[in-house]
Peer 1: 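Sending over a structure as structure tokens; questions will come in a sec.
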Amino acid sequence: MNDTIRILRASFPEASKVVWRKATRRLLKLRLDLTGADQAERIRAERYQRGREQYRSLQKADAVVVSFGKSGRTWLRVMVSRLYQQVYDLPEDTLIGFDNFHNMDRRVPRLFFTHDNYIGDYTGHTDSKVDFYDKKVLLMVRDPRDVAVSQFFQWRFRQRPEKKLLNEYPPDGDDRSVYDFVMHEGGGLPKVIDFMNIWARERDNLRALSVIRYEDMRANPHETLTQVAEFLDIPADAARIQEAVDYASFENMKKKEAESSFRMSGTRLAPGDKSNPDSYKTRRAKVGGFRDYFEDDQIEAINGLTAKTLDPVYRYDADATADSKAK
């Protein structure tokens, strides 16, 4: 079967859900317009609706990949996609979604990728991860200081105005500095740390949990991807794992993003502005790169906040004064 037709057929169920979700969101907006809802009510209603949509996917998922935005999830997704492509002879240059690979080969699990930022708005479980207790969860984390800086560029160059409001980021047109953004309670470092801390507190309540660190994946991608493959029960040998690592190299992903080479990936892997390197999804991939944007006293404040508030289970507290060049 022609690969394009195969991809379209496999992606149709999820694509139809996307169309339905967009339609229901428009209906919600119309209802809120007619009732004269204020901004706070609109945000609550949309977050609830998105949470309901994501909860349905969570319930059907065989495994879940959780991460805060800008923690390297797209890189992991490309590598995992390449493993499945090799093992089950699936079309190249496609990214695994929820069930598109499963629809092409039933041996591939339904894999739900989530930033876990709406489900609690629907279930009411905002202080626990009870919604995930019976799931196999792969949690991907990254130094929250690097995440917060990367979030700044996401907010500045890629994020839509309405999404900024929905997720409590500074509003569109705000010209705050990268330091002010990072220290901001909404989309900055405190929010990233809160996200990581609740998962740390809940780790013993989950049926199956594997935590992978972006920094470990950068230092030894073959070893980390092997850990991922074993956790997700992907029968990939060392050669296939190395091929997936090479395929998802920073240089190759940057090239594919610039050329929009990943099929049916929409804006997930597309730059906001091809002439602006800071608008790329694949932006720098530098460990400890947050230090490049701040003065010494600002770095000290950022490190202090991290050391004081982040759960030590992630082992980033010991890196608070480390030289990024050593990494």
Side-chain angles (χ1 to χ4, degrees), residues 43 66-75 115-118 139-200 211 213-218 250 271-273 276-327:
I43 290 173
V66 179
S67 67
F68 198 92
K70 309 308 295 181
S71 295
R73 190 182 76 174
T74 300
W75 180 29
H115 292 314
D116 184 29
N117 48 359
Y118 301 118
L139 176 64
M140 183 170 188
V141 298
R142 185 183 184 186
D143 188 319
R145 295 162 294 183
D146 282 334
V147 172
V149 169
S150 195
Q151 282 284 338
F152 170 80
F153 289 102
Q154 174 81 3
W155 165 74
R156 177 62 62 84
F157 298 114
R158 294 177 60 87
Q159 206 167 52
R160 299 189 306 275
E162 61 272 17
K163 202 72 177 288
K164 294 176 183 180
L165 290 174
L166 186 65
N167 291 313
E168 300 180 316
Y169 286 83
D172 199 47
D174 190 300
D175 62 353
R176 71 184 59 205
S177 69
V178 61
Y179 178 74
D180 289 339
F181 178 92
V182 165
M183 300 302 280
H184 181 251
E185 290 285 341
L189 184 58
K191 186 173 184 178
V192 184
I193 290 175
D194 285 346
F195 174 93
M196 295 173 70
N197 283 347
I198 190 171
W199 276 101
V211 180
R213 302 197 326 161
Y214 176 87
E215 294 75 18
D216 297 334
M217 200 157 72
R218 287 289 295 168
F250 176 80
D273 178 357
N276 182 1
D278 283 329
S279 75
Y280 278 69
K281 185 78 169 178
T282 311
R283 195 175 62 86
R284 292 183 78 203
K286 183 177 180 181
V287 172
F290 75 94
R291 294 173 176 84
D292 297 342
Y293 298 94
F294 305 109
E295 301 297 331
D296 290 346
D297 60 327
Q298 294 175 330
I299 293 175
E300 184 178 356
I302 289 169
N303 285 344
L305 177 62
T306 303
K308 180 180 179 181
T309 59
L310 180 64
D311 193 304
V313 70
Y314 295 113
R315 309 191 318 275
Y316 290 120
D317 57 326
D319 297 338
T321 58
D323 187 338
S324 63
K325 294 181 180 178
K327 300 179 183 180

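All values below come from the heavy atoms of this structure, side chains included, with hydrogens, waters and symmetry mates left out. Computed from a predicted structure; not experimentally measured.
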Peer 1: Within a 6.0 Å radius of atom CG on Asp296, are there more than 12 heavy atoms belonging to other residues, nucleotides or ligands?
Peer 2: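 No.
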Peer 1: For Val141, does its backbone N or O pair with a side-chain atom of Tyr314 as donor and acceptor, under 3.5 Å?
Peer 2: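 No.
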Peer 1: Taking atom types as modelled and ignoring hydrogens, do the side chains of Asp311 and Tyr316 form a donor-acceptor contact shorter than 3.5 angstrom?
Peer 2: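 Checked: Asp311/Tyr316 side chains show no N/O donor-acceptor pair below 3.5 Å.
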Peer 1: Could you walk me through whether Arg291 and Asp146 pass salt bridge (charged side-chain N to carboxylate O under 4.0 Å, His left out), step by step?
Peer 2: CA-CA 9 Å; Arg291 294 173 176 84; Asp146 282 334; over 6 Å; no
Peer 1: To the nearest 0.5 Å, what is the distance between CZ on Arg158 and NZ on Lys163?
Peer 2: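 Rounded to the nearest 0.5 Å, the CZ-NZ separation comes to 11.0 Å.
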Peer 1: Under 3.5 Å, is there a donor on one side chain and an acceptor on the other for Gln151 and Tyr169?
Peer 2: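 On atom types as modelled, these side chains qualify, holding a pair under 3.5 Å.
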Peer 1: If only atom types and distance count, is the side chain of Thr309 paired as donor or acceptor with the main-chain N or O of Leu305 below 3.5 Å?
Peer 2: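 Indeed, once roles are kept as given, a pair shorter than 3.5 Å links the two residues.
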Peer 1: Any non-hydrogen side-chain atom of Asp143 less than 4.5 Å from a side-chain atom of Arg213?
Peer 2: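 Answer no - side chains too far apart.
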Peer 1: Using side-chain heavy atoms (C-beta onward) and a distance below 4.5 Å, is Val149 in contact with Phe294?
Peer 2: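 SC-SC contact between Val149 and Phe294 confirmed.
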Peer 1: May I ask you to check if Arg176 and Phe152 form a cation-pi contact, with NZ or CZ under 6.0 angstrom from the six-membered ring centre and within 45° of the axis?
Peer 2: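 Ring-cation test returns no.
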Peer 1: Is there a side-chain contact between Lys191 and Phe68 in this structure, where contact means two heavy atoms from C-beta onward sitting under 4.5 Å apart?
Peer 2: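 Contact flag for Lys191/Phe68 side chains = yes.
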Peer 1: Is any side-chain heavy atom of Phe153 less than 4.5 Å from a side-chain heavy atom of Tyr293?
Peer 2: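 With C-beta onward as the side chain, the pair touches.
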Peer 1: Nearest 0.5 Å, what's the CD1-NZ distance between Ile193 and Lys308?
Peer 2: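 If I round to the nearest 0.5 Å, the distance is 11.5 Å.
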Peer 1: Which heavy atom in Gln154 sits nearest to a heavy atom in Lys70, and how many Å separate them?
Peer 2: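 Closest heavy-atom pair between Gln154 and Lys70: OE1-NZ, 3.7 Å.
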Peer 1: Roughly how far apart are Tyr214 OH and Met217 CE, rounded to 0.5 Å?
Peer 2: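 If I round to the nearest 0.5 Å, the distance is 7.5 Å.
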Peer 1: Might you point out which heavy atoms bring Ala148 and Gly188 nearest each other, and give the distance in Å?
Peer 2: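 Looks like CB-C, 4.2 Å.
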Peer 1: Compare all side-chain heavy atoms of Pro171 with those of Lys164 and state whether any distance is below 4.5 angstrom.
Peer 2: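 When only atoms from C-beta onward are counted, Lys164 and Pro171 do not touch, as no gap falls below 4.5 Å.
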Peer 1: Assign the ring pair Phe195 / Trp199 to parallel, tilted or perpendicular, where the plane angle (0 to 90°) is split at 30° and 60°.
Peer 2: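 Phe195 and Trp199: tilted rings.
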Peer 1: Report the C-alpha separation of Phe290 and Asn303 in whole Å, then their side-chain angles, then the decisive distance to 0.1 Å, and conclude whether the side-chain contact (heavy atoms from CB on, under 4.5 Å) test is met.
Peer 2: CA-CA 11 Å; Phe290 75 94; Asn303 285 344; 3.6 Å; yes
Peer 1: Rounded to the nearest 0.5 Å, how far does CD of Gln298 lie from OG of Ser177?
Peer 2: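 Ser177 OG to Gln298 CD: 7.0 Å, rounded to 0.5 Å.
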Peer 1: How far apart are the closest heavy atoms of Gly69 and Val147, and which atoms are they?
Peer 2: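 For Gly69 and Val147, the tightest heavy-atom pair comes out as O-CG1, 3.4 Å.
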Peer 1: Please examine the side chains of Leu310 and Pro144, heavy atoms only from C-beta on, and report whether any two atoms are closer than 4.5 Å.
Peer 2: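 They are in side-chain contact.
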Peer 1: Please find out if less than 6.0 Å separates the ring center of Phe250 from that of Trp75.
Peer 2: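 No, the ring centres sit 6.0 Å or more apart.
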Peer 1: Grab the two heavy atoms, one from Tyr179 and one from Ala301, that are nearest each other, plus how far apart they are.
Peer 2: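 Residues Tyr179 and Ala301, closest heavy atoms: OH-CB, 3.5 Å.
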Peer 1: Taking the side chain as every heavy atom from C-beta outward, state whether Arg73 and His115 have any atom pair closer than 4.5 Å.
Peer 2: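 SC-SC contact between Arg73 and His115 confirmed.
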Peer 1: How long is the span from the CG atom in Leu189 to the CZ atom in Arg145, to the nearest 0.5 Å?
Peer 2: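 These two atoms lie 8.5 Å from each other.
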Peer 1: Would you say Glu300 has more than 12 foreign heavy atoms packed within less than 6.0 Å of its CD?
Peer 2: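 Open.
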Peer 1: Are any of the side-chain heavy atoms of Asp216 and Arg315 separated by less than 4.5 Å?
Peer 2: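 The answer is yes, as the side chains (C-beta and beyond) meet within the 4.5 Å cut-off.
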Peer 1: Check step by step if side-chain contact (heavy atoms from CB on, under 4.5 Å) holds for Asp180 and Val178.
Peer 2: CA-CA 6 Å; Asp180 289 339; Val178 61; over 6 Å; no
Peer 1: I need the Asp172 CG to Leu165 CG distance, nearest 0.5 Å.
Peer 2: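 It comes to 8.5 Å.
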